[in-house]
Each structure stands twice: as structure tokens, then as C-alpha cells.
Amino acid sequence: MLTTPIEYVKGIGPVRAEVLKSELNIFTCADLLNYFPFRYVDRTKFNKIVELEEEMPFVQLRGVVHALEIVGVKHTKRLVVVFKDNTGFVELVWFKGYNYMAQKLKLGIEYVVFGKPSSFKGRINLAHPDIDVLNEESFKFLNAFQGVYNSTEKLKVRGLNSDGIRRVIKTVIDNLKEEHVYENLSLELLEKHDLCSRFVAYQKIHFPANEIELKRAIYRIKFEELFFIQLKLLKSNKLRNTVSKGFVFSKVGELFNEFFANHLPFQLTNAQKKVLKEIRIDLGKGRQMNRLIQGDVGSGKTMVALMSTLLALDNGFQACLMAPTEILAQQHFQTFSELLKPLGVALEILTGSTKTKNRKIILQNLKSGELKLLIGTHALIEDPVVFNNLGLVVIDEQHRFGVAQRAKLHAKNTTPPHMLIMTATPIPRTLAMTLYGDLDVSVIDELPPGRKPIKTLHFTESHRLRVFGFMKDEIAKGRQIYVVFPLIEESEKLDYQNLQQGYDNLLNEFPPPNYQISIVHGKLSNEQKEMEMKRFIENQTQIMVATTVIEVGVNVPNASVMVIESAERFGLSQLHQLRGRVGRGAEQSYCILSTGVKLSNDSKLRMKTMVDSNDGFYISEVDLKLRGPGDIGGTQQSGVMDLKLANLAQDGEILQMARLAAENILSLDENLSRPEHLVYVNELNKVEANKPNWSKIG
Ligand code: ADP
Ligand code: MG
């Protein structure tokens, strides 16, 4: 039944089937059943005509056609129907298809009318309402929550607007029997979580009689979706623990100990120590490490990365660190070079702009094993880069790397190297559990001591002079300032104009020789960018005008003010990232959000969230709610986000329940070998076919 091609469904036929296939990817009855309404209209209530008002959204009436007449000429021609219930009369009007309607409607028969009231010359009417004959059969169908389905122009031409789609789904549901719908959750689970059967869920998600039925159906389907994701992730986690071999880093050696004892520039925070310990334990286990480190901007992830690479070197392996941008790779290279100088560790940097001659030498030394530590950008994973014995890969700002790129890194040694992935985009728990259910997650939940929380202020453009005055005061105290302009690709030209304009304004306000300004944006050559960055890092310039190229990683502790222009055009996590560029020294730091005067509600909430909170996790929760999970860095490619119904931003509780249920089952029956768990194995095999495996591509 469910695998029946849709052309055989009564009322569809070959022509409509073609459109359903090409427009909605609906091939079988099962596909049709999985095409859920995107919203519902409450048609369980009836209104009285006497109560109708213009402001009412949708109303439902029951009554009879009292009179009907086609009136007007040419383009004002229309059908006017006087509709009557026992409280009064109202006009229904059709401007299109009126001949057909005029023939179809009969006087004296009872109808249900559904539409939006509007007012014409002081009188209420309903234009183009839905109108159905009222009888026992149709009443059941009408007096319910009615699903509204997305349709397309091509479908509508074939009579498959929302109503049309609902009608064909109705045909399928009417023929659906319990035995057609494979129940993929055990009776025990159904009872324990008070879930309706799959059969009922499919019926009721399309045709709920009331809100309670609808909610139960939705809950059941969401639970099922999230349960199987969790079951799969947890199972592959167990598998990785037992199967996926990794190099054993058995010792904490000379380099690590020497560095720790004599060259640490500061005391590690407890959070850094904790994470390092977790990494050390991982590396000694003999299975491949796939660890994600979440740490807010400025929490000191670089030091953790550096000390981890020393562990690799101590155990005779090579290590590499991959950064998303050239500037960031440069900065890591400098940091590492300085810190590792006393240890005499040889390291190199490889990026797109490394000169051919240099590149050749680096590649040679890497292959021979002479070069132990390599820092770079995407250039690191290109095919000609061959390591002698790569043991650890650190990926900074993970969300900028694609899954395929990580898979390439995996192939750089006979046994996959350990992976340490660092992200400053804190991912809400619910999302992390789903996305990275098969990664281990460490959190650096503490900032280095002595940091004062950044003060965030929101100004509209009309207060520009005050902002300039504030900037001058800060510069007089010896501080440096970032001014960031949005650069969003679609409107690139305009954005560059804004950037240039902003830069000119600043030059006017902060003229040389008293002030010096750097400018960095994507149109500059790498050398130019570096020059400008260098001038700022060395405190030769007081203001750095930039686009978001400085978003990640840049570390200038003396910079204490971040001015974000047109802040309403940035997403929350991006704003938080930008703000994280300041507040790195001991001075009080400020973030100034400059926006237009008129703001959308979303923008207002974003500004308020930034002003109120410095907590990256909280901010990412709000971000998730505002934008939905599809937008959070990197999740599009994850393949686990193609949830039909569940929404990670809202369904954290269901997710939690589903995860517990999955944990429970695996704790009783690790391999799902019990007969009653066979349904899960079957279901997982289905899922397996089209989802990537994170433990393999970590
Ligand atoms: P992020 O986690 O954003 O990559 P960084 O590693 O760039 O942060 O660290 C931010 C700043 O904090 C750097 O200047 C770094 O030297 C400093 N830092 C890191 N750890 C500590 C610590 N334990 N105590 C003091 N300063 C630290
Ligand atoms: Mg960093």
C-alpha cells in the first residue's frame, strides 16, 4: 500500500503524478503521507453572522444561500450571494469563476462557509470564501483542525492547491489500515512515553479532530525522529569506542613537561587544565580521538592546542594546526613560534600564499619527518601535502571547514590521526547532542583571570558624535579601537561604498598626524592585509577599520573598543564573535553597537541580547531560536538536520526524552540483538543509507 506509486491513487493519475514528482519529490503513497501540513486552521468553531466584524481573521459560518445574482459589467462583473443563518445576512462575493459558482450553488441547501471578512462601503462581505455542502460526511471533515499544505504554481494549475493536496491525502488515509503502517517503536516505549501509534499519528497529523489529537500526533512523530538520530549516534559512539583504532600517545614527554614547568607565560585556568587532562586521557586510549572543544572567544583555546601538539611530538608523531583564514594562521604561527622558541621545536607555516620555493622545502621536510609541526590554512589538506607520520590534527574554528575537507585529513596517515576541533561558536546543548552526538565535547567554561566583562552599548546613528568623542577619550588613554563594517556578499558593491565612506568619515574625525588608521578588507592583497594588521598589532595605528575578516581569532590585547557599524545586519553569533576581539587585556573594554533608528523586532532582540549578556552559550540559544538550526555554522552539511518536524530550537525536551530512551535501550542491549529490538535495527539500516557518519569524518 505505502509503496504504491501515486499515479494509482484515485484522483491523481499520470499527469498530476508527474507534477507531484517534479515539484515535491512525492513518488509513493508513503511520500504523500510524509508531506505534512505547514499550519492548521481551526475550523471547530462556527461564527454567527450577526457577530461578524471586519477585523476578524477567518470565520466559519453555517447557513443557506438566500439569493444569488451576477451583477456589474466587464471588469466589475461579479457574483453576489446573500448567505443567511438564523442571526442575519452576509454577502459572499466572487470576482473570478463566478459562472461556475453561480451554477454550483443551490438555494435552500445547507453550506459551510469559511473566509476572511472585509468591509465594502460599510458593509461586511466575504470575498472568495471556501464553501462546502454540509452533510454528515462533510461535517466530520470540516469540523476539525484543517491542515494547510504548501503548494506551487505548477501544482495549482493541476488543481493541487492546499485543498487539492488535502483531498488526495484524504483518499490515501481513507484506504490506510493499521497493518500498512509499520510500527517502529516498541510497545514498551509507546506506553512509557504515552505515544500514539504510528498509524494514528499519520492519520491525525493530516486530519486532527482537535488540538489535542494534533499535538499527540506531532509529539509522536518528533519523538520518533529524534529517537532514531540519538540511537544511531549513541550506537556508533559505542562502536567507535571498541573498533576505531587510534595511535597511542603513551607518555607525557620532555617537550610538554619542559614547557609546562618553565615556559608557560601564565597559569593555566582550571578549565584549560581540565580539558588538557581529557585530551591526555583520550590520546592514551588507543582509539582515535574526536574531540570538540567549545570555548567562548578569549577563553584560551590556543594554549590547549599548543600543548596538545607537544604531546604528539613527544610521542614521535607530527602534528598540524589548521586555521580558517590566512591572517589567523599567521597569528597562530607567530604565537607558536614565540612560545616554542626556547624548546627549539621546528615549525613552518603553509598557506595559499607560501612561495613555491619555500613550499617545496616544507613539503620535503614534512615527508622526511624532519618537520614536526605545521600550521596553515586549507592548503594543509591539499593532496601534495604528505606527512611522514601525522598523529594529531587541530582544527581551529571548525565551522568553516566542510565535512569533505576533514575526511581528507583523515586519509593523511594509515591510521586516522587524532582530531581536536576547536570552536568559539558555542553550540546549545540540544544542538550539540544531535550534531556531535558521536563526538566527545569539552567545554572551556572559564575565562582567564583578571578580565573585566565587556560593556556593551547600543547607539543609533544619530549619536555618532558622542561615539566619536568616546573613541577619542579611549585613544587618549592609550587604547586601540576596531571599527567593523558589514560585508555581505549579495550587496558587495554597496558595502564597499559604505566601508569607504565610513573610513573617510573617520579620517576626517581622526586626522593624521595625531591619529593613524589601518584598514583591512577582502579586496586587499595578503601582503597589504598583513602590513595593516601588523601596524595595528604593533600599536602604530589606533584605529583598525575592517570588514568581518577580523572576525575570527585576531588577538590584540591593547584593543579595548569594538565599534560595530550597521550592527543590525549581523547575526547574533557573529556579533558575539566580533565583540570577543576586545576584552583580552586587563583594561575595561567596550562594544558599541551602532544601528539605524528603525529596527525590526528581531534586530531589537539581537541588540538587547548583546547588551544584556556576555555569555556565548546564552547568546547561541537565542540565536538558535531566532534563526533555526539550519543557519548555525556548519550544520547544513551535517545531514542530520533534515528533520521533517522536530525543531532543535524548540524541542529540546523531547530530544532529552528521546536520548534517554535510546540510552536505556543500548544499556540493556548494546548490539540491539534482542528480537524485540529488531525493529530498531531495521529502521537504523534505513537511516544509515543516506546519512554521513560523523565518527568517520570527525
Ligand atoms: P580563543 O579561545 O578565543 O582562541 P586565545 O587562545 O586567543 O582565545 O586567548 C585569548 C588571550 O588570552 C590570549 O592573549 C592568551 O594569551 C590569553 N590567555 C589564554 N589563557 C590564559 C590564561 N590561563 N591566563 C591568562 N591569559 C591567558
Ligand atoms: Mg582562537
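Whatever order the structure lists them in is the order used to number ligands and atoms, beginning at 1.
Only the side chain of Arg451 comes within 4.0 Å of ligand 1, counting heavy atoms alone; its backbone N, CA, C and O stay farther away. Residue-level proximity to ligand 1 for Arg584 is carried by the side chain, the only part with a heavy atom below 4.0 angstrom. Contacts with ligand 1 closer than 4.0 Å are made by side-chain heavy atoms of Gln272 only, the backbone lying farther away. Residue Thr302 touches ligand 1 through backbone and side chain together, judged by heavy-atom distances below 4.0 Å.
The aromatic rings of Phe259 and His263 lie tilted to each other, with the angle between the two planes from 30° to 60°.
Phe536 meets the ring-ring contact (aromatic ring centres under 6.0 Å, His included) test with Tyr482; sequence neighbours excluded.
Close N/O approach between Gly300 and ligand 1 is found [any backbone or side-chain N/O within under 3.5 Å]. Remark: ligand 1 and Gly298 share an N or O pair separated by less than 3.5 Å (distance only, no angle test).
Residue Ser560 is tested with Arg584, Arg479, Gln480, Gln588 for a side-chain contact (heavy atoms from CB on, under 4.5 Å); the sole match is Arg479.
Taking every non-hydrogen atom of Thr269 and a distance limit under 4.0 Å, the qualifying atoms of ligand 1 come out as 23 (N). Heavy-atom proximity to Leu268, at under 4.0 Å, picks out these atoms of ligand 1: 23 (N). Residue-ligand proximity, Ser299 to ligand 1, at heavy-atom distances under 4.0 Å covers atoms 2 (O), 8 (O). Contact atoms of ligand 1 toward Gln267: 22 (C), 23 (N), 24 (N) (distance under 4.0 Å to a heavy atom of the residue).
For His418 and Phe317, the ring centers are positioned 6.0 Å apart or more.
Residue Arg287 holds its CZ atom at 4.5 Å from NZ of Lys285, rounded to the nearest 0.5 Å.
Side-chain N or O atoms of Gln318 include one that pairs as donor or acceptor with a backbone N or O of Asn388 at under 3.5 Å.
Counting heavy atoms only, Pro448 comes closest to atom 25 (C) of ligand 1 of the residues Gly585, Pro448, Gly450, Gly583.
In the displayed structure, Glu258 atom CD is contacted under 6.0 Å by more than 12 heavy atoms of other residues, nucleotides or ligands.
Using a 4.0 Å cut-off between charged nitrogen and carboxylate oxygen, Lys472 and Glu509 count as a salt-bridge pair.
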